[in-house]
There are 2 protein chains.
Amino acid sequence: MNIGNASERSGLPAKTIRYYEDIGLLKPDRADNGYRDYSMSDVHKLRFLQRSRGLGFSVEECRQLLALYEDKDRASADVKSMAQSKLQEVERKITELRELQHTLNHLVAHCHGDQRPDCPILENISGEA
Amino acid sequence: MNIGNASERSGLPAKTIRYYEDIGLLKPDRADNGYRDYSMSDVHKLRFLQRSRGLGFSVEECRQLLALYEDKDRASADVKSMAQSKLQEVERKITELRELQHTLNHLVAHCHGDQRPDCPILENISGEA
DNA sequence: ATAATCTTTCCAGTAACTGGAAGGTCAAGG
DNA sequence: CCTTGACCTTCCAGTTACTGGAAAGATTAT
């Protein structure tokens with residue numbers, strides 16, 4: 001599969017996909033003409049990168065998360081503890097997003113007039129409820 | 001409140017706080033000695049920025065979210081539609097995080113041996129369940 | 001008084017892309 | 001066969017969002 005196709009399926013720009021190859025996140029095959037040739041497994045990785053980057057994980061964290069799957073040399077205890085620490089981070093992010101969701105819902109519900117609503121969004125949004 | 005204190009309370013490095021001032025996200029008072037002087041409202045904004053940046057919103061999106069609260073000139077219909085579109089994005093992020101959470105939970109639960117677990121993390125993680 | 005710990009500005013460097021030029025490849029139409 | 005347009009390639013420069021460090025002024029602790 002060519003890069004344009006992989007781009008469509010993963011939601012990542014071709015530029016970014018090439019960049020991810022540059023920094024060693026994946027290494028697609030090359031066709032005889034020199035074109036990159038992406039497997040479904042490559043597309044899975046790209047889609048995963050697209051998601052996890054959008055969720056605020058750094059490229060290095062994404063590399064670790066990918067390694068959770070790929071690294072056959074790492075001992076299972078390490079994998080488990082890394083997964084657990086990422087899990088805590090995920091749970092924290094979910095909590096924060098729920099609070100933001102709550103605040104935005106409140107804003108949408110109460111903001112039907114033609115002037116600024118009278119709701120202290122920042123106090124809620126900044127997480128001190 | 002000095003920048004060190006605001007940094008502690010918001011979870012943002014002082015460097016980043018000064019940068020946010022440079023790009024116009026907030027404008028703290030100045031004390032007579034030239035030191036920046038942060039109000040509680042400033043700290044709320046910083047904490048909000050710390051969170052929403054960590055959740056994958058760009059600085060420009062954060063600027064818009066802050067504007068939802070602050071912009072007295074914008075018509076309420078605009079505020080509402082912007083809040084609604086951000087809300088959809090938040091809901092999508094929550095869904096994606098739940099899927100990642102599920103995958104990591106699975107990994108932690110089944111990964112008790114000393115070798116790589118036999119679970120197709122990437123297929124789950126890349127969102128094609 | 002002096003040392004340690006702030007704070008300031010400024011300038012340079014890094015991370016993670018993003019845009020654009022210059023050129024090679026491929027599939028479709030004349 | 002040839003050309004046109006949509007792909008693809010590499011390379012290099014620019015942007016966004018910080019981050020580190022120097023040089024110097026202010027504050028606090030002994």
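Quick note on labels: first sequence line is chain A, next is B, and so on, each numbered from 1.
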For C:dC17, does OP1 or OP2 lie under 4.0 Å from any side-chain N or O of A:R53?
-> yes
Can you name the one residue among A:R36, A:K45, A:K15 that meets salt bridge (Lys or Arg N to Asp or Glu O under 4.0 Å) with A:E21?
-> A:R36
Please give, in whole Å, the distance from D:dA17 C1' to B:E60 CD?
-> 11 Å
Listed nucleotide nearest any side-chain atom of A:R30, set D:dT9, C:dC17, C:dC10 = D:dT9
Side-chain N or O of A:N33 less than 4.0 angstrom from OP1 or OP2 on D:dT9?
-> no
Rounded to whole angstrom units, what separation is found between the OH atom of B:Y19 and the P atom of C:dA12?
-> 17 Å
Please state how far atom CG in A:L49 lies from atom P in C:dA16, giving the value in whole angstrom units.
-> 12 Å
Calculate the interatomic distance between B:D32 atom CG and C:dT8 atom C1'; express it in whole Å.
-> 15 Å
Base, sugar-phosphate alone, or nothing: which one does B:I3 contact when heavy atoms must sit under 4.0 Å apart?
-> sugar-phosphate
Heavy-atom closest contact (B:I3 atom, B:A14 atom, distance) | CD1-O, 3.6 Å
Validate the cation-pi geometry between B:K93 and B:F57: distance from NZ or CZ to the six-membered ring centre under 6.0 Å, angle to the ring axis within 45°.
-> yes
Between CG of A:L55 and P of C:dA16 the distance, given in whole Å, is 16 Å
Please check the phosphate of D:dT19 (OP1 and OP2 only) for any side-chain N or O of B:T16 closer than 4.0 Å.
-> yes
Whole-Å distance separating the CD atom of A:E21 from the P atom of D:dC11 = 12 Å
Do any N or O atoms from the side chain of B:D37 and from the backbone of B:M1 form a donor-acceptor pair under 3.5 angstrom?
-> yes
Taking only the side-chain nitrogens and oxygens of A:R36, find out if one of them lies under 4.0 Å from OP1 or OP2 of D:dT9.
-> yes
Check the distance between D:dT27's C1' and B:D37's CG and give it to me in whole angstrom.
-> 15 Å
Is any side-chain N or O of A:Y35 closer than 4.0 Å to OP1 or OP2 of C:dC26?
-> no
